[in-house]
Protein chains: 2
Amino acid sequence: MSRTIERKDDRRSRRSRKMLADAFVELVGERGLDGFSITDLTELANVNRGTFYGHFSDKEDLLEYCESEFLNGISELEERIAQVPVTELGTEETDSFVHSVFVEIFTFVEEHEALLTALLGPKGDISFEHRIIDTVCTTLIDKILNEQYRINRTPLVDYYVGYYSSAILGVVLMWLNNENRETPEEMATILLGIASLSLGDPIVLS
Amino acid sequence: MSRTIERKDDRRSRRSRKMLADAFVELVGERGLDGFSITDLTELANVNRGTFYGHFSDKEDLLEYCESEFLNGISELEERIAQVPVTELGTEETDSFVHSVFVEIFTFVEEHEALLTALLGPKGDISFEHRIIDTVCTTLIDKILNEQYRINRTPLVDYYVGYYSSAILGVVLMWLNNENRETPEEMATILLGIASLSLGDPIVLS
DNA sequence: CGTGTTAACCAACACTTTGTTGAACAATTA
DNA sequence: TAATTGTTCAACAAAGTGTTGGTTAACACG
């Protein structure tokens with residue numbers, strides 16, 4: 001089970017895969033991962049049940065297909081994140097750069113709104129969240145933190161990256177579930193404001 | 001479906017419920033929420049399959065039973081959190097108090113290790129995580145933030161609490177998945193150190 | 001445009017899981 | 001002890017799963 005199935009490159013095949021993936025995201029968002037059957041899925045997708053098994057070995061395989069599509073797209077984003085000079089944060093110039101990276105993040109997220117709302121929402125897949133966190137953490141440690149922290153790894157450093165990764169993802173999730181959603185630019189400003197605060201500083205809107 | 005079943009108060013009933021709940025946590029941790037059948041569960045629990053349906057309407061009902069047990073326990077913790085004087089953070093006295101609250105949090109988490117590792121791990125239940133975040137956010141807004149922020153609610157305030165709630169939970173999750181786990185006291189020190197940092201400050205071990 | 005290829009469709013299959021039932025049994029409580 | 005009641009066991013229909021073989025129709029390409 002869960003054997004790898006080669007993805008056919010045929011107009012019919014692509015169409016079927018898209019119908020199935022779209023219906024999958026819709027059903028996960030509405031009913032949760034195990035709130036529907038393959039039969040439900042193929043009916044909504046207007047695709048024969050047998051066709052599903054021609055493309056995916058089971059529901060998990062389709063889930064993996066949807067998730068990896070997004071995770072692969074992150075890699076480009078990572079290169080931008082990696083350019084953030086963590087040791088020089090706080091200066092006006094660096095803040096401006098971080099702001100632009102935040103804009104890119106929220107824009108990227110907005111482009112994958114349907115998938116993320118479904119898979120990271122209350123009926124979604126927690127392993128997807130873990131994979132995203134892990135990816136971001138690894139990027140931070142490997143690319144951003146300077147040599148000293150990489151060699152002299154203390155528990156504090158590991159928890160440090162986990163802390164900020166979770167915090168940022170948390171804000172992203174709140175944003176996605178917001179009705180009157182702020183623009184990526186507004187969110188970048190808000191996030192930069194929060195991240196620049198120490199816990200005790202007063203909250204002001206910039 | 002999912003009808004409420006009254007919980008019998010009988011030594012046999014209590015025993016069956018405990019066997020089922022323990023087996024449930026074990027199976028969720030190993031195989032994930034939909035990685036096992038009711039049959040698997042009752043076999044591991046050494047309980048007849050019919051007995052399961054005498055206590056719970058379905059798998060979700062048992063999940064809710066396990067989760068609510070933990071969520072109810074949080075309420076006591078909340079009262080301690082509510083005493084944190086957010087507007088006076090940074091002083092030595094306040095930091096000391098926050099530290100003690102952090103110790104309580106990590107101690108409480110450690111007491112529910114099995115449940116949390118299973119339900120918040122990569123095969124767990126994302127809605128449980130959402131419920132915890134929501135609970136913490138509500139507590140922060142309602143009890144900690146002072147009158148000014150409660151009345152003059154800006155998007156920044158909402159995202160602010162979401163940011164810190166997710167950040168702390170993220171650290172807790174990293175800690176739970178750690179092999180050589182730090183003590184609650186050590187973790188309180190680490191978390192306080194991270195939370196007191198602005199993004200640009202250098203990372204040092206206190 | 002025609003033709004071989006191949007994916008989609010459809011019906012049928014054995015199999016597993018589900019949720020329910022009724023009767024016999026055994027543990028609990030008072 | 002006696003009545004209560006949860007557990008067990010066997011059986012059941014219903015639904016979902018993953019697979020198969022044969023037919024139809026869309027596709028890519030020379």
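Fair warning: this is a prediction, and the values are worked out from it, not measured in the lab. Just so we're on the same page: letters track the sequence lines, and every chain starts at 1.
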Review item, nucleotides 5-10 of chain C N/O atoms under 3.5 Å of protein N/O:
unit_1, atom_1, unit_2, atom_2, d
C/dT6, O2, A/R12, NH1, 3.3
C/dA8, OP1, A/R12, O, 3.4
C/dA8, OP1, A/S16, OG, 2.4
C/dA8, OP1, A/H55, NE2, 3.0
C/dA8, OP2, A/H55, NE2, 3.3
C/dC9, OP2, A/N48, N, 2.7
C/dC9, OP2, A/T51, OG1, 3.1

Given A/D34 and A/K59, is the salt bridge (charged side-chain N to carboxylate O under 4.0 Å, His left out) satisfied, shown in steps? CA-CA 9 Å; A/D34 50 346; A/K59 212 192 278 184; over 6 Å; no

In whole angstrom, give the distance that lies between atom CG of B/D61 and atom P of C/dT18. 15 Å

Proximity of A/Y159 and A/Y164 rings by center, below 6.0 Å: no

Separation of D/dT19 atom P from A/F56 atom CZ, nearest Å, is 15 Å

Could you pull out all residues at least two apart from B/R131 that satisfy side chain to side chain donor-acceptor pair (under 3.5 Å)? B/E64, B/E67

B/L62 CG to C/dG19 P: how many Å, rounded? 13 Å

Below 30° counts as parallel, above 60° as perpendicular, anything between as tilted: where do the rings of B/F70 and B/F108 land? tilted

Would you work out how much the helix from C/dC1-D/dG30 to C/dA30-D/dT1 bends between its ends, with each end axis defined by five base pairs, to 10 degrees? 50°

With A/D10, which residues qualify under side chain to side chain donor-acceptor pair (under 3.5 Å), at least two apart? A/R12

Gap between atoms CD and P, on B/E43 and D/dT8 respectively (whole Å): 13 Å

Classify the ring geometry between A/F52 and A/F56 as parallel (under 30°), tilted (30 to 60°) or perpendicular (over 60°). tilted

Pair B/S13-B/H55, side-chain donor/acceptor within less than 3.5 Å: no

Look at the side-chain N and O atoms of A/Y53 and state whether any lies under 4.0 Å from the OP1 or OP2 oxygen of D/dG18. yes

Taking the ring of A/Y65 and the ring of A/F24, is the distance between their centroids below 6.0 Å? no

Is the shortest side-chain N to carboxylate O distance from B/E113 to B/R181 below 4.0 Å? yes

Comparing B/K59 and B/R11 on DNA chain C - which has the more 5′ nearest nucleotide: B/K59

Is the number of heavy atoms from other residues, nucleotides or ligands within 6.0 Å of CD (B/E69) greater than 12? no

Of the residues in residues 28-41 of chain A, which ones touch DNA chain D at a heavy-atom distance under 4.0 Å? A/S37, A/I38, A/T39

Sort and list the pairs that fulfil salt bridge (Lys or Arg N to Asp or Glu O under 4.0 Å) and have at least one residue in residues 71-83 of chain A, not counting sequence neighbours. A/E78-A/K143, A/R80-A/E104

